[in-house]
Amino acid sequence: MSVGLQRLRDDAPAIRQGAIDKGEDPSIVDAALAADVRRRELLAEGDRLKAERNTASKSIGEAIRAGADANGPETAALKARSTEAGERIAAIDAELATVEATVDDLLLRIPNPADLDVPIGGEEANVTIREWGAQLPRIQPLSGEVGADALPDAPSWERRAHWDVAAGLGIFDLERGAKIAGSGFPVYRGLGSALQRALISWFLDVHTRENGFTEIWPPAVVNAASARGTGQIPDKEDQMYVVGRDDLYLVPTAEVPVTNLHRDEIFEATELPVRYAAYSPCFRREAGAAGKDTRGILRVHQFDKVEMVLFERPEASAAALEWMTGRAEDLLQRLGLAYRVLLMATREMGFTQGRKYDIEVWAPGVERWLEVSSCSNFRDYQARRMAVRYRPEPGGRPELVHTLNGSGLALPRVVAAIIETFQNPDGSVVVPDVLQPYLGRAELRPPG
RNA sequence: GGAGAGGUGGCAGAGCGGUCGAAUGCGGCGGUCUUGAAAACCGCAGAGGGUGCAAGCCUUCCCUGGGUUCGAAUCCCAGCCUCUCCGCCA
């Protein structure tokens, strides 16, 4: 935490501006700085008194060993000196404890400044930096060319939304999901369930066999220290499901348990980078999002995701973010889904990120771009909270690592895009080539 | 859930309430020796914070949090975790 203070002292204007750019309160920076001044005053005085007490206590021990009476008058004088120092130490430590709690709390509320080249602003300031694939129209001719070449009066068909197609196929059961758990807890059945497994397996297979990730299967709950480490507490606390009785949090993403794997640890430089790929269910309360995307599976309280998590040397993290984003894009290309990559503007980023790319797939049935991946470089922000360090040189001083993570990929919207992109006029859906071995079939059709 | 044992540095493992940030072994780093390596020998080696240009000095940390004491790794209390046995159970 105090490495953060160091940066705060050295670079307060940039941190302040970073908070403003992200739409956060910059006055917290000054409050933290002021509290830090008081903290150091108390620390200096407390340390001085502790040194005094230590020497006094030590001389008591020496006197006794030299033959003095442990309860005699000469030791009593020494004890009085030590006791007096002890009382003042107690008072100072008490104030120090409250001041440090204040500093820690304030530090947790100062956001990570965005990289200097990140556009400043809200959604309108996001920059599309890449697009891939054809953005299919909702209405298209039954045969022949798609697009401008199509004849105006030719017979056409209309793509349906994924929930309509899924209803025909019998692969979702949203109503019964609502009955047994609540709205936003989808049930997948039959080939819908198999499609979930297929996607998870294929994603993990690509990451582990081709991309060099180590697979992790994490717990679905974490403790408060882990939630704080990755920044869910205090920033996004109300987005998490809490198991109050046991003081546990349902994970909103595998990022939380997997990044915390190395909390309070020191890597050797030769161990980096560390690359993990982890499947987990993800639980999100989506508080404040009521009424948005209520149809289908575009916004749900529980979904499945494969997450990529990297621990990197600072000088390598920028390139690692590009690489990791590329790994997520590769999955979409091999599925045959059109997508675009956005560099997110400052107010569209989270509290903890230095740079973030969102990847959105085109869903031609609902005619919308759907976010399926978010790839971020946290630089040393999470590492500081979690005390994850590495030794640049053997035997050298530890320094903070950089952490990154990105979805690779989140399932529901990929499923929606697959259904809407590869649906046929008769209601069947073609299975992408890469998934056919996992599903054991080339298309989804209604049973019977 | 019940009963017992235990949590010390990268690992293993000592540690009468004062001289313990902590013996010893392994591992690590540097060196001697060697054509090179191994072995042997010598030496260095924890983390955080404060202060200082720096060398350094001071301070905290022996699971966590309280307490007793002039002084706690060592004593007391609570919690967490691990192991063994019993019970229950996918």
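Quick caveat: nothing in here was measured; it's all calculated off a predicted structure. Chain naming here is simple, since letters A, B, ... match the order of the sequence lines and numbering starts at 1 in each. All values below come from the heavy atoms of this structure, side chains included, with hydrogens, waters and symmetry mates left out.
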Pick the [atom1] atom in [N] and in [M], then give their distance to the nearest Å.
N: B:C76; M: B:A5; atom1: P; value: 13 Å
N: B:A39; M: B:G28; atom1: P; value: 9 Å
N: B:A22; M: B:A45; atom1: P; value: 11 Å
N: B:A14; M: B:G46; atom1: P; value: 23 Å
N: B:G13; M: B:G66; atom1: C1'; value: 29 Å
N: B:A72; M: B:C16; atom1: C1'; value: 14 Å
N: B:G27; M: B:U82; atom1: P; value: 31 Å
N: B:A78; M: B:C53; atom1: P; value: 50 Å

Using purine N1 to pyrimidine N3 plus N6-O4 or O6-N4 for Watson-Crick, or N1-O2 and O6-N3 for G-U wobble, each under 3.5 Å, what pairs with [N]?
N: B:U74; result: none
N: B:A5; result: B:U82
N: B:G87; result: none
N: B:A40; result: B:U32
N: B:A12; result: B:U24
N: B:C61; result: B:G46
N: B:U51; result: B:G56

Which nucleotide wins on minimum distance to the side chain of [X], given the candidates [options]?
X: A:I60; options: B:U51, B:G48, B:G18; value: B:G18
X: A:N54; options: B:U59, B:G18, B:U51; value: B:U59
X: A:R397; options: B:C58, B:A47, B:U51; value: B:A47
X: A:R39; options: B:G49, B:G18, B:C58; value: B:G49
X: A:D47; options: B:U51, B:G49, B:U60; value: B:G49

**Q.** A:T83 vs A:T55, nearer the 5' end of RNA chain B by closest nucleotide
**A.**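 Closest to the 5' end, via its nearest nucleotide, is A:T55.
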
(Q) Here's a test of your reading of the structure: between A:A80 and A:P398, which maps to the more 5' nucleotide of RNA chain B? (A)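 Nearest-nucleotide comparison on RNA chain B picks A:P398.
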
Just to be sure I understand the rule, does [X] reach a base, reach only the sugar-phosphate, or reach nothing, if contact means heavy atoms closer than 4.0 Å?
X: A:L43; answer: sugar-phosphate
X: A:A51; answer: sugar-phosphate
X: A:K58; answer: nothing

Check the distance between [N]'s [atom2] and [X]'s [atom1] and give it to me in whole angstrom.
X: A:E393; N: B:A45; atom1: CD; atom2: C1'; result: 16 Å
X: A:R81; N: B:U69; atom1: CZ; atom2: C1'; result: 18 Å
X: A:R48; N: B:C57; atom1: CZ; atom2: C1'; result: 15 Å
X: A:I92; N: B:U59; atom1: CD1; atom2: P; result: 15 Å
X: A:R38; N: B:G50; atom1: CZ; atom2: P; result: 16 Å
X: A:D246; N: B:C81; atom1: CG; atom2: P; result: 10 Å
X: A:K50; N: B:C61; atom1: NZ; atom2: P; result: 7 Å

Q. Any side-chain donor-acceptor pair under 3.5 Å between A:S226 and A:N223?
A.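 A:S226 vs A:N223: donor-acceptor pair found between side chains.
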
Report all side-chain donor-acceptor pairs from residues 17-32 of chain A shorter than 3.5 Å, counting only partners two or more places apart or in another chain.
from: A:Q17; atom 1: NE2; to: A:D21; atom 2: OD1; distance (Å): 2.9
from: A:K22; atom 1: NZ; to: A:N112; atom 2: O; distance (Å): 2.8
from: A:K22; atom 1: NZ; to: A:G350; atom 2: O; distance (Å): 2.8
from: A:K22; atom 1: NZ; to: A:F351; atom 2: O; distance (Å): 3.4
from: A:K22; atom 1: NZ; to: A:Q353; atom 2: O; distance (Å): 2.7
from: A:D25; atom 1: OD1; to: A:S27; atom 2: N; distance (Å): 2.9
from: A:D25; atom 1: OD1; to: A:S27; atom 2: OG; distance (Å): 2.9
from: A:D25; atom 1: OD2; to: A:S27; atom 2: OG; distance (Å): 3.0
from: A:D30; atom 1: OD1; to: A:R16; atom 2: NE; distance (Å): 3.3
from: A:D30; atom 1: OD1; to: A:R16; atom 2: NH2; distance (Å): 2.6
from: A:D30; atom 1: OD2; to: A:R16; atom 2: NE; distance (Å): 3.2

Q. Sequence neighbours excluded, which residues qualify as side chain to side chain donor-acceptor pair (under 3.5 Å) partners of A:T403?
A.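 Once residues adjacent in sequence are excluded, the partners of A:T403 under the side chain to side chain donor-acceptor pair (under 3.5 Å) criterion are A:Q382.
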
Q. Reckon A:R9 has a side-chain N or O less than 4.0 Å from the OP1 or OP2 of B:G50?
A.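 A:R9 to B:G50 OP1/OP2: side-chain N or O found under 4.0 Å.
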
Q | Below 4.0 Å: OP1/OP2 of B:G10 and any side-chain N or O of A:R391 | A |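 So the side-chain polar atoms of A:R391 never come under 4.0 Å of the phosphate oxygens OP1 or OP2 of B:G10.
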
(Q) Quick test of your reading of the model: are A:E268 and A:R391 salt-bridged, counting only N-O distances below 4.0 Å? (A)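 Here A:E268 pairs with A:R391 in a salt bridge, since their nearest N and O are under 4.0 Å apart.
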
Q.
As a test of understanding, state which of A:L49, A:L43, A:D47 forms a side-chain contact (heavy atoms from CB on, under 4.5 Å) with A:I92.
A.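 Single side-chain contact (heavy atoms from CB on, under 4.5 Å) partner of A:I92 among A:L49, A:L43, A:D47: A:L49.
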
**Q.** ring pair (Phe, Tyr, Trp, His ring centres under 6.0 Å) pairs, two or more places apart, involving residues 376-402 of chain A
**A.**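 Matches after skipping sequence neighbours: none remain.
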
Q) Which pairs count as side chain to side chain donor-acceptor pair (under 3.5 Å) when at least one residue sits in residues 185-203 of chain A, sequence neighbours excluded? A)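 Matches after skipping sequence neighbours: A:Q196-A:D304.
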
Output one line per pair: protein atom, nucleotide atom from nucleotides 71-77 of chain B, and distance, for all N/O pairs under 3.5 Å.
from: B:G71; atom 1: O4'; to: A:S57; atom 2: OG; distance (Å): 3.2

Q. Who are the side-chain contact (heavy atoms from CB on, under 4.5 Å) partners of A:V274, not counting sequence neighbours?
A.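 Counting only residues at least two positions away or on another chain, A:V274 forms a side-chain contact (heavy atoms from CB on, under 4.5 Å) with A:H262, A:F267, A:L272, A:Y276, A:F311.
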
(Q) Using 30° and 60° as the class boundaries, would you call the ring planes of A:F185 and A:H301 parallel, tilted or perpendicular? (A)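 Taking A:H301 first and then A:F185, their aromatic rings sit tilted (interplane angle of 30° to 60°).
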
Q | Residues, nucleotides or ligands: over 12 heavy atoms within 6.0 Å of A:K79 NZ | A |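 Enclosed.
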
